[in-house]
Amino acid sequence: RQAALRQIPRSYLYFGFTTLLDLFSSDEQINEWNQQPIAPKAYHCSGVPIPGGYPLAWQPSEGQLSHPAATFYLFDPRQALLMKQTPDSQSHKTQPLVADIARTNAICIKAFYDKGFGSLKNLPVPSVPMMRELVTEAHKKSLPVYIHGTSVESHEFALQTGADLLVHGIWNTGHSDNPTQAIHQIAKKTANAGLGVHPTIQVLFGELEILNSAFFDNPLLKKVMPPSLIKWYQSTEGQWFAEKLAKNLGAIPKAKRSLAAKKGYNTALQTVQTHLRALHKAKADLYFGSDTPSGPLYTQFPGFNGQEEISRWAEQDIPLLALFQSLTIKNAKLLKLSHKIGSIEIGKTADLLILTENPLESASAYGSIDWVILGGKAIKREDLAAD
């Protein structure tokens with residue numbers, strides 16, 4: 001564990017990520033991260049879930065609203081009895097809640113529209129009026145609002161709220177008779193509304209990869225995972241989540257699990273890739289985001305996961321200039337950080353990558369880092385490697 005914690009900041013830098021945004025964190029956690037001697041600069045959003053909704057539903061109902069993840073929960077008028085019985089619930093109404101968030105170092109707000117999955121389904125979701133009010137108050141404080149959602153329904157919801165960015169592409173088209181048509185229609189609406197999207201394609205591929213017995217044959221992993229961690233991940237204890245997923249497949253040999261699982265993931269994988277292409281065709285605003293880490297998955301390891309997400313965009317023929325801008329200046333502008341980062345200009349932070357290839361000629365250039373310059377200090381890339 002200690003070896004992993006020492007390496008993770010370096011692994012982000014090894015793949016060129018000099019700035020990070022944690023979509024659900026606190027001042028204390030981010031300040032602790034930023035005190036490390038060599039690490040990407042981190043910023044954060046404040047998460048604003050609703051009582052009993054995603055992701056709070058994974059906590060026991062008793063005491064749920066006193067959990068750290070509920071620090072900035074949103075008052076839900078539909079749960080009148082619970083709100084009345086919960087101390088200080090009035091301070092979680094939209095206006096005072098956003099004012100409290102604005103007094104922290106958070107630079108954005110993240111809300112959630114997810115009815116659940118697995119053992120938790122049919123979860124409550126915020127109403128359109130609740131979210132519109134949240135967006136209005138957030139914008140008064142210059143805080144962009146991100147909305148988590150992976151379905152057509154959640155994307156339709158976000159379009160009605162005035163939010164700034166959707167976290168995740170579409171993985172689930174619901175019961176649509178013509179899923180492809182529905183995806184293209186929502187992509188056009190997204191573009192017309194000026195709503196940004198983090199496609200996060202690698203999330204699904206990473207889930208599938210955990211059942212790939214050959215995953216650790218990838219030589220790049222030795223650059224970002226300490227040897228002791230790689231060894232543990234392959235142990236019986238370290239394979240706990242892979243074994244949990246494998247139970248859904250029945251009695252299948254390890255070597256054949258990946259192929260068997262792929263059949264179950266095919267629809268979702270095709271959907272999210274079709275959605276990315278549709279967004280680009282509609283000229284929607286694409287912003288790079290990796291969703292690292294996504295669940296207890298070593299296949300989504302910091303830095304490596306971001307590099308894989310870049311490759312997924314390239315596979316869907318996203319133009320290199322659009323990819324480059326999504327990785328750099330677009331996120332900086334959305335988060336009102338473009339006076340500090342996002343481009344090379346006098347007066348900005350000297351966080352730079354020296355590459356041996358041109359990223360406007362090939363996406364492989366993002367793997368050709370020679371030097372990382374962090375705050376003006378030049379670091380040879382190989383000095384950041386775990387090996």
Side-chain angles (χ1 to χ4, degrees), residues 22-26 44-59 61 63-104 106-117 120-168 170 172 174 186 189-190 192-198 334-335:
D22 190 327
L23 298 188
F24 196 159
S25 193
S26 66
H44 75 288
C45 299
S46 285
V48 179
I50 65 169
Y54 179 92
L56 284 183
W58 267 259
Q59 304 301 327
S61 55
Q64 184 184 95
L65 295 184
S66 61
H67 189 274
T71 300
F72 295 112
Y73 76 83
L74 183 61
F75 183 96
D76 190 346
R78 300 167 300 181
Q79 300 191 44
L81 182 61
L82 175 63
M83 296 294 91
K84 186 176 181 179
Q85 294 174 342
T86 303
D88 300 324
S89 66
Q90 294 297 309
S91 66
H92 288 262
K93 287 187 173 180
T94 307
Q95 191 170 3
L97 178 68
V98 173
D100 283 344
I101 292 172
R103 284 189 280 270
T104 71
I107 62 172
C108 46
I109 286 174
K110 183 183 180 185
F112 305 86
Y113 188 99
D114 195 321
K115 294 185 176 179
F117 51 87
L120 290 173
K121 295 180 181 178
N122 301 316
L123 301 178
V125 291
S127 67
V128 170
M130 287 169 65
M131 197 52 50
R132 282 179 177 166
E133 186 179 8
L134 180 69
V135 171
T136 298
E137 291 300 319
H139 286 176
K140 288 178 183 177
K141 302 293 186 181
S142 297
L143 293 168
V145 176
Y146 291 34
I147 295 182
H148 160 99
T150 61
S151 64
V152 167
E153 183 181 3
S154 64
H155 283 230
E156 291 278 12
F157 169 81
L159 285 166
Q160 300 177 63
T161 65
D164 300 280
L165 188 138
L166 264 160
V167 180
H168 306 304
I170 293 175
N172 175 16
I186 197 76
K189 291 179 183 179
T190 302
N192 292 338
L195 178 62
V197 182
H198 275 165
L334 178 63
L335 294 163

Indicate every side-chain donor-acceptor pair of residues 106-114 with a distance under 3.5 Å to a residue at least two apart or in another chain.
unit_1 : atom_1 : unit_2 : atom_2 : d
Tyr113 : OH     : Glu153 : OE2    : 2.9
Asp114 : OD1    : Gly116 : N      : 2.8
Asp114 : OD2    : His148 : NE2    : 2.7

Where do [X] and [Y] come nearest, in terms of heavy atoms and distance?
X: Ser154; Y: Leu166; result: O-CD2, 4.4 Å
X: Pro49; Y: Ala69; result: CG-O, 3.7 Å
X: Leu195; Y: Ala163; result: CD1-O, 3.3 Å

Report yes or no: does [X] contribute a side-chain atom to a donor-acceptor pair with the main-chain N or O of [Y] at less than 3.5 Å?
X: Gln64; Y: Gly52; result: yes
X: Ser25; Y: Asp22; result: no
X: Gln59; Y: His67; result: no

Practice problem: Under the side-chain contact (heavy atoms from CB on, under 4.5 Å) rule, collect the residues that match up with Thr86, sequence neighbours excluded. | Solution: Leu65, Tyr73, Leu82, Ser89
Quiz item: By side-chain contact (heavy atoms from CB on, under 4.5 Å), which residues pair with Pro77, not counting sequence neighbours?
Solution: Phe75, Met130
From [X] atom [atom1] to [Y] atom [atom2], the distance as rounded to the nearest 0.5 Å:
X: Lys115; Y: Thr150; atom1: NZ; atom2: OG1; result: 12.0 Å
X: Ile186; Y: Leu159; atom1: CD1; atom2: CG; result: 5.0 Å
X: Glu156; Y: Thr161; atom1: CD; atom2: OG1; result: 11.5 Å
X: Leu123; Y: Tyr54; atom1: CG; atom2: OH; result: 10.0 Å
X: Gln90; Y: Lys84; atom1: CD; atom2: NZ; result: 11.0 Å
X: Ser61; Y: Leu56; atom1: OG; atom2: CG; result: 11.5 Å

Quiz prompt | Partner of Asp164 under side chain to side chain contact (heavy atoms under 4.5 Å, CB included), chosen from Val145, Leu143, Leu335, Ile147 | solution = Val145
Side chains of [X] and [Y] in contact at under 4.5 Å (non-hydrogen atoms):
X: Pro126; Y: Phe157; value: yes
X: His92; Y: Leu97; value: yes
X: Tyr146; Y: His198; value: yes
X: Ile170; Y: His155; value: yes
X: Val48; Y: Ile101; value: yes
X: Leu134; Y: Val98; value: yes

Practice problem: Return yes when atom CD of Gln160 has more than 12 non-hydrogen atoms of other residues, nucleotides or ligands closer than 6.0 Å, and no otherwise. | Solution: yes
Quiz item: Listed by chain and number, what are the salt bridge (Lys or Arg N to Asp or Glu O under 4.0 Å) partners of Asp76, not counting sequence neighbours?
Solution: Arg78
Self-check item: salt bridge (charged side-chain N to carboxylate O under 4.0 Å, His left out): pairs with one or both residues in residues 89-101, sequence neighbours excluded
Solution: Asp100-Arg103
Quiz prompt | Residue pairs, two or more places apart or on separate chains, that pass salt bridge (charged side-chain N to carboxylate O under 4.0 Å, His left out) and touch residues 128-143 | solution = Glu137-Lys140
Self-check item: Worked check of side-chain contact (heavy atoms from CB on, under 4.5 Å) between Asn172 and Val152
Solution: CA-CA 7 Å; Asn172 175 16; Val152 167; over 6 Å; no
